[in-house]
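Following: one structure in structure tokens, then a few remarks.
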Amino acid sequence: MREMRILVTNDDGIFSPGLLALAEVATRFGEVRVVAPDVEQSAMGHAITIQRPLQYHRAQLGPFEAYRVNGTPADCVALGLYHWDGADLVLSGINLGSNLGNEIWHSGTVAAARQAALLGVRAAAFSLALNGQEPAFTSLLPSVEQVVRLLLEFPAPLLVNINFPPEPAGIRWTRQSVRAYSGRVVEGQDPMGRRHYWFAAKPLTDPEEGTDRWAVEQGWVSLTPLRMDLTDREWLQKMEVNRKGVLS
Ligand code: MN
């Protein structure tokens with residue numbers, strides 16, 4: 001039987017310690033190839049590069065066969081699967097910072113996994129909630145390995161968003177927290193006195209029980225199965241649309 005092929009990517013860039021940590025775990029399950037952005041692409045969401053050609057270059061990353069791409073996380077997955085003639089699993093991360101609730105919309109880490117799912121390959125996004133300390137990937141690895149084993153041993157959804165607290169106490173399946181969106185514009189001034197802006201998100205408190213944000217706050221590893229279909233089915237049903245899509 002052919003060994004399982006696992007493509008590892010991220011949005012923090014090819015030199016992120018989180019990428020190396022995830023590749024180290026992946027190598028316990030199969031053949032690993034790393035394809036990641038050459039510079040950080042956090043919060044790029046599911047962007048793809050269409051105004052210029054992309055490049056795919058060999059990179060040095062410990063014992064791993066690795067490539068850097070001058071594009072987005074979604075570009076990396078598309079090029080990585082193309083050059084490897086597909087893969088059995090795509091793992092994205094481990095992101096330096098959580099991707100919980102509405103952060104999922106902006107996340108390049110989740111988008112890389114979603115790009116794999118769009119191309120028909122099972123995928124999972126891994127993110128680590130930071131607590132002001134240096135992220136301790138070495139102590140996190142057993143927990144990451146446990147999650148990958150869980151995804152491989154049981155019927156897993158096509159796309160899973162996984163978030164780790166700094167010190168995991170266990171694993172829970174959760175739903176996405178959608179209670180509030182914290183994005184806001186912050187105004188400032190540069191040293192030359194010019195006005196400038198940051199669009200930033202503030203951490204939310206009081207998340208709903210059973211959600212991703214709640215689980216990570218409780219110290220659980222959060223596994224959220226995501227779907228690709230964004231249709232609001234409840235609304236569609238309320239509209240009493242008949243079979244031909246015409247309002248009755
Ligand atoms: Mn990132």
Side-chain angles (χ1 to χ4, degrees), residues 6-26 32 34-49 54 59 61-62 64 66-80 90-118 123-138 140-141 143-144 147-148 159-166 168 176-177 181-184 186 198-204 212-213 216 221-224 226:
I6 306 171
L7 183 73
V8 178
T9 189
N10 74 350
D11 78 354
D12 290 337
I14 189 92
F15 298 117
S16 167
L19 180 70
L20 192 60
L22 189 55
E24 277 168 13
V25 170
V32 169
V34 177
V35 181
D38 57 357
V39 295
E40 186 179 347
Q41 297 285 317
S42 289
M44 291 298 282
H46 207 135
I48 55 170
T49 303
L54 293 168
L61 193 73
F64 301 105
Y67 300 86
R68 60 186 164 85
V69 174
N70 59 342
T72 65
D75 291 330
C76 290
V77 170
L79 264 64
V90 172
L91 304 178
S92 175
I94 302 168
N95 190 60
L96 296 166
S98 64
N99 280 303
L100 297 161
N102 286 315
E103 291 166 351
I104 290 173
W105 292 106
H106 302 298
S107 169
T109 308
V110 176
R114 192 167 51 224
Q115 182 61 59
L118 280 176
F126 294 76
S127 304
L128 171 63
L130 302 177
N131 57 0
Q133 315 272 316
E134 270 300 299
F137 285 113
T138 312
L140 194 70
L141 292 192
S143 185
V144 176
V147 168
V148 175
L159 178 59
V160 188
N161 184 38
I162 300 153
N163 282 271
F164 294 82
Q176 181 187 8
S177 169
Y181 179 67
S182 64
R184 66 195 178 101
V186 180
W198 294 89
F199 180 53
K202 217 172 59 176
L204 292 167
D212 51 3
R213 195 176 292 283
V216 169
V221 179
S222 162
L223 274 66
T224 309
L226 299 181

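Residue numbers run from 1 in the order of the sequence given. Each ligand, and each atom within it, is numbered from 1 in the order the structure gives.
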Donor-acceptor pair, side chain of [X] and main chain of [Y], under 3.5 angstrom:
X	Y	answer
Glu40	Asp12	no
Arg68	Ala59	no
Asn99	Ser107	no
Thr9	Val35	yes

Minimum-distance N/O/S atom that Asp12 presents toward the Mn ion (ligand 1):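 That would be atom OD1.
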
Does any N, O or S atom in [X] come within less than 2.8 Å of the Mn ion (ligand 1)?
X	value
Glu40	no
Ser127	no
Asn95	yes

Asp11 OD1 and Ser42 OG subtending at the Mn ion (ligand 1) (10° steps):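 An angle of 100° at the metal.
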
Regarding Asn161 and Thr224, do their side chains bring together a donor and an acceptor under 3.5 Å, going by distance alone? no

